[in-house]
Amino acid sequence: MAPEKTDFLVIANRLPVDRRIGDDGEVSWRTSPGGLVTALEPVMKLQGGAWIGWHGAADEDLPEFEHDGLRLVPVPLTELEVEEYYEGFSNGTLWPLYHDVVVTPEYHREWWDAYVTVNRRFAEKAASLAAQGAVVWVQDYQLQLVPQMLRELRPDLLIGFFLHIPFPPTELFQQLPWRRQILEGLLGADLVGFQMPGGAQNFARLVRQRVGHRTVRDTVFLPDGRKVLARAYPISIDARGFEQLSRTPEVIARAQEIRDSLGNPRHVLIGIDRLDYTKGLPQRLRAFGELVRDGVIDVDEAVFVQVATPSRERVHQYRLLRDDINRLVGRINGDMGRIGQQPIQYLHASFPREEMAAMYRAADVMVVTPLRDGMNLVAKEYIATRWDDRGALVLSEFAGAAGELRQAFQVNPHDINGMKQALLEAMQAPPVDLRKRMRALRKQVMENDIERWATTFLAELAEARDTGPSDGDD
Ligand code: GDG
């Protein structure tokens, strides 16, 4: 029987679920926590939409299934494709290239071939499920060829694309041997969304330079009369949901417990990140370690908790980073710690959402210092949990979130002295100053939540259809 067609499709590298195998061997799925699912769930349920993505295990072809009222359609990947398309081209080529070449991107022709093959598989799956004129929303850097492939198969569809990571400056993007194919892939969409206006501008400039299409402000005019919009939609979080969670008695009690177990120091500083070289972990730990070494901070008075969630552990650069951080934490704690008192508490683990909320509540200072980040949701989550207007956020200028969170203590993460200064300021600022800043930050985050992000994107995508093709005159 042919699968049922749908009017709304989300395509992402991963399905929003993780598989659990219980002690009794029973298999169940758990929705993986993430803003995107939260934001799209109502739309998907209303429109009977479906989500297409890989389910996380190689060499396994699963039939579609339903979970929590969501229709989930798995796309299979072979072990070699996981290596070449996912770990290789997506995370060894595109990820570092799009993050300002923080580490050197690797260019391998067989990785590219796998990327093309897998993108085609996603596009074909979508083409077979979409109803006439359906809306399809493609997510992120792993699937940049899907818009064009899908348009070729199904010109009737309305296609949106959103890039969750930065779109790099033209000078860096030019390195990519397949730069033109990627640009043309994205141009298959009606609306291409970026986190920041700068990303949209970089894209438009490259389209002019490399593909030769005419662009006027946020509009690209294609020779066939079609128009493509390139705009910024800064992503956000389920702000109310996070605040509610952080107001539960369990989370409040757990936050106190965390502080108690740290010895109730005057200042608890926390960092929570995927263990990724873009997140600037060594720089911030070094800054904090130097403050302790210089005697500016007393180990009895302040502790830095760094949570590093395991990530992409089979990729070489991530293994190197893990070793580097282990060594750095060991050195700082070894040199500066006392019995029962270590300046840095380092946890290489992932935690349930409730525990995340408790950690945010326990932090006097949240330290978010990526070298480059599309947005950074951790910074926004911290703010959502500060319903008493207390706490301070130290935030890198190079996180997309810095554009909106102007009242944070902003830092250049490459400048260790500047970071030391900002950490101290955040720890020592008068409470009235902190409250004033936090109130402004909270207004920004609570008003611009993930629901607003999703509805704005989808509304502007729908307008793109209403406008229809044009002959390029405007
Ligand atoms: C990419 C872009 C952009 C982390 N550890 C745990 C956990 N998390 C959750 C956080 C947060 C999310 O993961 C991380 O989001 P970020 O935005 O901070 O960073 P990336 O993973 O790099 O995300 C980024 C984002 O896409 C969205 O467009 O902002 O720039 O790089 O929600 O809470 N959640 C749980 N346990 C953990 O241990 N439950």
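Both ligands and their constituent atoms are indexed starting at 1 by order of listing. In this text the structure is predicted, and so the values were computed from the model without any measurement. Just so it is clear, the values below take in all heavy atoms, side chains as well, and ignore hydrogens, waters and symmetry mates.
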Ligand 1 versus V378: contacting region, heavy-atom distance under 4.0 Å: both
Are any of the N/O atoms on K279, whether in the backbone or the side chain, positioned under 3.5 angstrom from an N/O atom of ligand 1? yes
Is R361 reaching over with its side chain to a backbone N or O of I252, donor-acceptor style, under 3.5 angstrom? no
Checking the N or O distance criterion of under 3.5 Å, is ligand 1 in contact with T309? yes
Under 4.0 Å from a heavy atom of Q195: which atoms of ligand 1 are those, numbered in the order shown and with their elements? 3 (C), 28 (O)
Establish, from distance only, whether the side-chain atoms of R210 and Q174 form a donor-acceptor pair under 3.5 Å. yes
Considering residues at least two apart in sequence or located in another chain, which fulfil the side chain to side chain donor-acceptor pair (under 3.5 Å) criterion with E397? none
Are the charged groups of E460 and R231 less than 4.0 angstrom apart, N to O? yes
Under a 3.5 Å distance rule, please check whether R30 uses its side chain to pair with a backbone N or O of R19 as donor and acceptor. no
Could you tell me, atom by atom, which parts of ligand 1 come under 4.0 Å of a heavy atom of F351? 35 (C), 36 (N), 37 (C), 38 (O), 39 (N)
Note: W95, heavy atoms under 4.0 Å from ligand 1, region reported as side chain
For ligand 1, which part of K380 has a heavy atom less than 4.0 Å away: the side chain, the backbone, both, or neither? neither
Side chain, backbone, both or neither: I235 near ligand 1, heavy atoms under 4.0 Å: side chain
Considering the heavy atoms of E381, write down every atom of ligand 1 situated less than 4.0 Å from one of them. 10 (C), 11 (C), 32 (O), 33 (O)
I165 N/O to ligand 1 N/O under 3.5 Å: no
Atoms of ligand 1 close to R274 [distance to a heavy atom under 4.0 angstrom, numbered from 1]: 20 (P), 21 (O), 22 (O)
Could you pull out all residues at least two apart from Y318 that satisfy side chain to side chain donor-acceptor pair (under 3.5 Å)? W95, D276, R312
Would you mind listing which atoms of ligand 1 come within a distance below 4.0 Å of any non-hydrogen atom of G374? 30 (O)
Is the distance between the ring centroids of F89 and W112 under 6.0 Å? yes
With a 3.5 Å cut-off and no angle check, do the side chains of E381 and Y360 form a donor-acceptor pair? yes
